Amino acid sequence: MEIRPVPYDHPDAVTLDALVQQEYARRYGDDGDITPLAPEMFAPPRGMYLIAYDGDRPVATGGWRRQEDTAEGYAVGDAEIKRMFVVPEARGRGLARRILAALEADARAAGRSRMVLETGIKQPEALELYASCGYALVEKFGLYRTYDDSRCMAKALVAED
């Protein structure tokens with residue numbers, strides 16, 4: 001497996017994004033994640049978008065973007081995880097953990113102090129992954145902060161004094 005950075009609008013990223021949106025619709029019965037996202041949000045140094053390849057086939061994805069909108073509950077220094085996804089046939093190989101670790105390292109190097117994410121109760125494997133990687137539930141933030149089935153998590157990227 002090779003994990004490499006790509007633009008958020010790369011054709012393979014678009015393909016995987018469509019698959020993750022189908023997954024959200026299947027689990028939540030709606031149109032998927034309606035969070036407004038744009039390629040420039042994931043362009044260094046404001047973020048990064050990764051794809052894992054099995055040969056030439058894209059099988060997993062994830063990105064982070066700078067997020068500091070305190071009106072939506074974010075904190076100055078936050079980096080937000082978006083579009084973490086592994087195709088079903090590639091699950092169980094540790095790809096999500098590898099992508100998550102790479103995103104954390106890049107956000108830390110970009111001066112971000114905390115990694116945050118939003119997921120839902122109908123994604124128990126995501127909740128387990130993040131908890132096992134040191135993320136803890138926090139006060140809700142972002143677009144889905146008023147949704148009952150939303151869960152927000154965070155992890156410090158720098159040692160707190």
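Atoms considered below: every heavy atom in the structure, side chains included; atoms not considered: hydrogens, waters and symmetry mates. Counting begins at 1 with the first residue of the sequence. Since we're looking at a predicted model, the values are computed, not measured.
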Any side-chain heavy-atom pair of [X] and [Y] under 4.5 Å:
X	Y	answer
V87	L16	yes
R114	L157	no
Y144	I34	yes
R93	D54	yes
L127	M153	yes
K82	Y8	no

*May I ask you to say whether R83 pairs ionically with D17, meaning some side-chain N is under 4.0 Å from a carboxylate O?*
yes
_salt_bridge(R112, E68) N-O dist < 4.0 Å_ = yes
Interatomic spacing from [atom1] in [X] to [atom2] in [Y] - rounded to 0.5 Å:
X	Y	atom1	atom2	result
D78	T70	CG	OG1	10.5 Å
L137	C152	CG	SG	9.0 Å
R151	K140	CZ	NZ	5.5 Å
I99	L50	CD1	CG	6.0 Å
Q67	L117	CD	CG	12.5 Å
I81	L103	CD1	CG	4.5 Å

_Working note: L95 + V59, criterion side-chain contact (heavy atoms from CB on, under 4.5 Å); need CA distance, chi angles, decisive distance, verdict._
CA-CA 9 Å; L95 289 173; V59 295; 3.8 Å; yes
Heavy-atom pair of closest approach, residues [X] and [Y]:
X	Y	value
D9	V14	O-CG2, 3.8 Å
A107	M115	CB-CE, 3.7 Å
R46	E40	NH2-O, 3.0 Å
M84	A96	CE-O, 3.5 Å
P45	A110	O-CB, 3.8 Å
V76	S113	O-OG, 4.0 Å

Is there a path from [X] to [Y] through hydrophobic residues (I, L, V, M, F, W, Y) whose side chains come within less than 4.5 Å of each other?
X	Y	answer
M1	L100	no
I3	L129	yes
M41	I51	yes

*Please test Y135 against T119 for side-chain contact (heavy atoms from CB on, under 4.5 Å), starting from the C-alpha separation and ending with a verdict.*
CA-CA 12 Å; Y135 287 77; T119 190; over 6 Å; no
*Decide side-chain contact (heavy atoms from CB on, under 4.5 Å) for K122 and Y24; before the verdict, give the C-alpha distance in whole Å, the side-chain angles of both, and the deciding distance to 0.1 Å.*
CA-CA 9 Å; K122 295 181 181 179; Y24 294 151; over 6 Å; no
*Decide side-chain contact (heavy atoms from CB on, under 4.5 Å) for C133 and R97; before the verdict, give the C-alpha distance in whole Å, the side-chain angles of both, and the deciding distance to 0.1 Å.*
CA-CA 8 Å; C133 290; R97 285 181 191 283; 3.1 Å; yes
*For E139, does the CD atom sit with more than 12 other heavy atoms under 6.0 Å from it, leaving out its own atoms?*
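Open.
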*Any pair with a residue in residues 63-112 that passes ring pair (Phe, Tyr, Trp, His ring centres under 6.0 Å), sequence neighbours left out, goes on the list, sorted by first then second residue, please.*
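Listed once each, the pairs are Y74-F141.
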*Does the S150 side chain pair with the main chain of T146, one donor and one acceptor, at a distance under 3.5 Å?*
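A pair under 3.5 Å: no.
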*Validate the cation-pi geometry between R4 and Y53: distance from NZ or CZ to the six-membered ring centre under 6.0 Å, angle to the ring axis within 45°.*
yes
